[in-house]
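The basis for the numbers below is simple: all heavy atoms, side chains too, and nothing from hydrogens, waters or symmetry mates. Quick note on labels: first sequence line is chain A, next is B, and so on, each numbered from 1.
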There are 2 protein chains.
Amino acid sequence: MIKDLKLKTAEIEKISHLEYFNIAISVDCVIFSYKDKALHVLLIKSDLEEYSGLYSLLGDLVRPDEDLDSAPYRVLKQRTGMDDVYLEQVHTFGSIDRHVSGRVITTAYYSLIDIKHQKLKLDQNELHWHPVKEIKKLAFDHKIILDTCLQRLREQVMEFPIAFNLLPPKFSLRELQELYEAILGVKLDRRNFRKKIALKGWLQDLNVMENDVPHRPGKLYILKPAFKKRKAAKRSIQRNRSLVIE
Amino acid sequence: MIKDLKLKTAEIEKISHLEYFNIAISVDCVIFSYKDKALHVLLIKSDLEEYSGLYSLLGDLVRPDEDLDSAPYRVLKQRTGMDDVYLEQVHTFGSIDRHVSGRVITTAYYSLIDIKHQKLKLDQNELHWHPVKEIKKLAFDHKIILDTCLQRLREQVMEFPIAFNLLPPKFSLRELQELYEAILGVKLDRRNFRKKIALKGWLQDLNVMENDVPHRPGKLYILKPAFKKRKAAKRSIQRNRSLVIE
DNA sequence: ATATCAATGTGTATTTTGTACATATTTATT
DNA sequence: AATAAATATGTACAAAATACACATTGATAT
C-alpha cells in the first residue's frame with residue numbers, strides 16, 4: 001500500500017504501520033428539517049467534558065467495510081429510522097487538532113428530511129431539533145461544518161429540485177415559498193417566486209385545495225415524479241459485519 | 001475516541017483498535033497547467049502491475065501530524081518545487097474497492113500552476129503533462145477524480161479570478177480568452193468575452209504591448225493585486241516529524 | 001514602398017432574465 | 001352581510017447575455 005503511494009523503500013522502513021493508520025475517518029451529518037417556518041438541524045448533546053453543555057452533529061467512524069458515502073446513510077438510518085433520504089457530500093475537514101481525543105478527519109454531508117415522515121423516530125430522545133438561526137456554538141468544529149453545509153444548501157436550492165425533500169409530498173406554493181425564505185434567510189416576492197418556480201417546471205398541479213388552513217385555501221402541488229430521484233451520494237450496498245447498533 | 005463518537009461500551013469491546021484505524025487517508029492532486037493552447041494535467045506512470053501502462057494522479061498518504069489541507073501543498077512542493085500555488089478541495093472518494101492494495105479514502109484537490117514558473121522542476125522526470133482532452137483512462141478511480149475536478153474548475157472559472165494562476169503575470173486578452181476556451185471547451189465571442197471580463201474589474205491595463213507575436217501586438221494586462229490571494233485551502237503550519245522526502 | 005495578411009479593438013440591437021410593484025378574488029370568520 | 005386574510009395574477013422597467021461586422025494596426029513578403 002505504501003509503495004503504491006510512491007514513497008521510497010528507505011522511507012517505508014522508517015514508518016511504522018500504525019503511524020500511517022493512526023488517523024481515523026468519520027462522517028458528520030448536518031440533518032436539516034423544516035418546522036415552525038424555520039430551518040432546523042438535528043443535534044445531540046456532547047458527552048465530552050471538554051464540550052459539556054454543547055451540542056454536536058451526528059457522526060460516526062467510517063467502517064472498514066463500508067463505502068464512505070454509505071456511512072452517512074447508516075448514521076441516518078440508525079438515528080432516525082429513515083433510509084430514503086437526500087444526502088450530499090459537502091467538504092472534508094482535517095485539521096490536526098479538530099477533535100480533542102485524537103486525529104479524526106471527517107467528511108461532512110448534509111441531509112434533507114421531512115420531519116413529518118412516518119418512519120422518523122428520534123433515537124432514544126437523545127436527539128433534538130434546533131433552529132439553525134439560533135445556533136451560536138457547537139462542539140468541535142461543528143459550527144463551521146454547519147455553516148459550510150448551510151452555504152452549500154443555499155447555493156443549490158434554487159438550481160436543483162431538492163428543497164422538496166423537506167416538505168410533505170403535497171404542499172401549497174405558500175408553504176414552498178416560506179420554506180425557501182427559511183433556507184435563504186430572505187423575504188421573497190410572491191409573484192416573482194411563483195414565476196421562477198413555474199419556469200423550472202418542477203411542479204405538478206394536483207387541482208386539489210388545502211383544507212387545513214384558517215383562510216382561503218391554496219392549490220396543492222407535488223414534485224413531478226421525474227425529479228424525485230435523491231441524487232448526490234450514491235447508496236451502495238453495505239457489507240456490514242454485524243456492527244450495527246439497533 | 002470511540003466513546004466520543006457515540007458507540008456504546010459493549011460495542012467498543014468488540015472492535016479492535018486496528019479495525020477502525022484500518023483505513024488510510026490520502027490526498028490526490030489534479031494539477032492543471034496550460035500550454036500549447038490546451039489544458040494539461042500532471043500525471044505519473046503507475047507502478048502497480050494492475051495498472052501497468054496507465055497513469056495516475058499525484059498523491060500521498062496524509063501524515064498524522066499534518067492538516068489534511070496541508071498535504072496537497074506538501075505533495076506539490078515535493079513534486080514540482082512550487083509552494084505558492086492555488087489549491088482547492090473538491091471531493092472525497094471512499095469506495096471500499098477504489099484502491100487495489102487496501103482501504104484508502106482520498107480527498108481530491110485541484111491546483112492551478114503556471115507552467116512557465118521558474119521554480120517548476122518536474123521530479124526526476126517521472127512526471128509528465130498530458131492534455132486533459134486526450135486522457136481516456138487512468139489508474140484507480142483517477143479518471144473520475146479528474147472529471148470531477150475539471151467540472152468544478154469550469155464552475156468556478158467565470159465566477160472567481162482563478163484562471164490567472166495558469167498564466168504568466170502579464171498576458172494579453174487573446175491569451176486569456178484562449179485559456180478560457182481551453183478550460184471550458186467552447187469557443188467564445190471576442191467582444192462578449194472582453195465585455196464580461198471588463199465588468200468583473202479583475203484586470204489592470206499595463207499600457208504595454210506584447211512584443212513576441214508575429215502580428216499586431218495586443219495590450220498586456222495583469223491581475224489586480226487585490227485579487228491575487230490564493231484563497232481556498234488554507235496552508236497551515238506543518239509540524240512534520242522529519243518524514244519529508246527531498 | 002507598397003500590398004497583403006492576420007490579428008486587435010470596438011458598439012449596437014435583440015433577447016432573456018431579474019426585479020419592483022397593486023388589485024381583484026376567494027374563503028373563513030364574526 | 002360585513003370583514004379579515006390569504007390566494008392568484010400581469011406589466012413595466014432594469015440588467016445581463018447574446019448575436020453580430022468593420023475599421024485599424026503592425027509584421028511580413030514582394
>> Without decimals, in angstroms, what is the distance between Asn211(A) CG and dA6(D) P?
In response: 17 Å
> Side chain of Lys219(A): nearest nucleotide among dT25(D), dA8(D), dT27(C)?
Replying inline: dA8(D)
> To the nearest angstrom, how far is Lys187(B) atom NZ from dT18(D) atom P?
Replying inline: 17 Å
>> Rounding to an integer number of Å, can you tell me how far Leu203(B) CG sits from dG9(C) P?
In response: 12 Å
>> Heavy-atom count check: over 12 atoms from other residues, nucleotides or ligands less than 6.0 Å from Lys37(A) NZ?
In response: no
> Salt bridge between Lys219(A) and Glu210(A), side-chain N to carboxylate O under 4.0 Å?
Replying inline: no
> So does Arg216(A) reach the base of dT27(C) with its side chain, donor to acceptor, closer than 3.5 Å?
Replying inline: no
>> Without decimals, in angstroms, what is the distance between Ile197(A) CD1 and dT17(C) C1'?
In response: 15 Å
> Among dG9(C), dT18(D), dT7(D), which is the nearest nucleotide to the side chain of Asn192(B)?
Replying inline: dT18(D)
>> What is the separation between atom CD on Glu210(A) and atom C1' on dT7(D), rounded to the nearest whole Å?
In response: 9 Å
>> Applying a 4.0 Å non-hydrogen cut-off, can you work out what Arg174(A) is touching in the nucleic acid: base, sugar-phosphate, or nothing?
In response: sugar-phosphate
>> I need the CE-P distance between Met209(B) and dT24(D), as an integer number of Å.
In response: 16 Å
> How many angstroms lie between CH2 in Trp129(B) and CZ in Phe32(B), if you round to the nearest 0.5 Å?
Replying inline: 10.0 Å
> Which one, dG10(D), dA8(D), dG11(C), comes nearest to the side chain of Arg191(B)?
Replying inline: dG11(C)
>> Is it the case that the base of dT10(C) and the side chain of Lys195(B) share a donor-acceptor contact (distance under 3.5 Å, atom types as modelled)?
In response: no
> How long is the line joining CZ of Phe193(B) and C1' of dA7(C), in whole Å?
Replying inline: 16 Å
> For the pair made of CG in Leu173(B) and C1' in dT10(C), what is the distance, rounded to whole Å?
Replying inline: 12 Å
>> I'd like to know if Arg194(B) reaches the base of dT10(C) with its side chain, counting only an N/O donor and acceptor under 3.5 Å.
In response: no
> Taking for each residue the nucleotide of DNA chain C bearing the nearest heavy atom, is the 5' side occupied by His215(A) or by Asp189(A)?
Replying inline: Asp189(A)
> Does the ring pair (Phe, Tyr, Trp, His ring centres under 6.0 Å) test come out yes or no for Tyr221(A) and Phe171(A), once each step is laid out?
Replying inline: CA-CA 5 Å; Tyr221(A) 294 80; Phe171(A) 50 85; 7.1 Å; no
>> Of the listed nucleotides (dT10(C), dA8(D), dG18(C)), which one gets closest to any side-chain atom of Arg190(B)?
In response: dT10(C)
>> Assess whether a salt bridge exists between Glu126(A) and Lys45(A), defined as any Lys/Arg side-chain N lying under 4.0 Å from an Asp/Glu carboxylate O.
In response: no
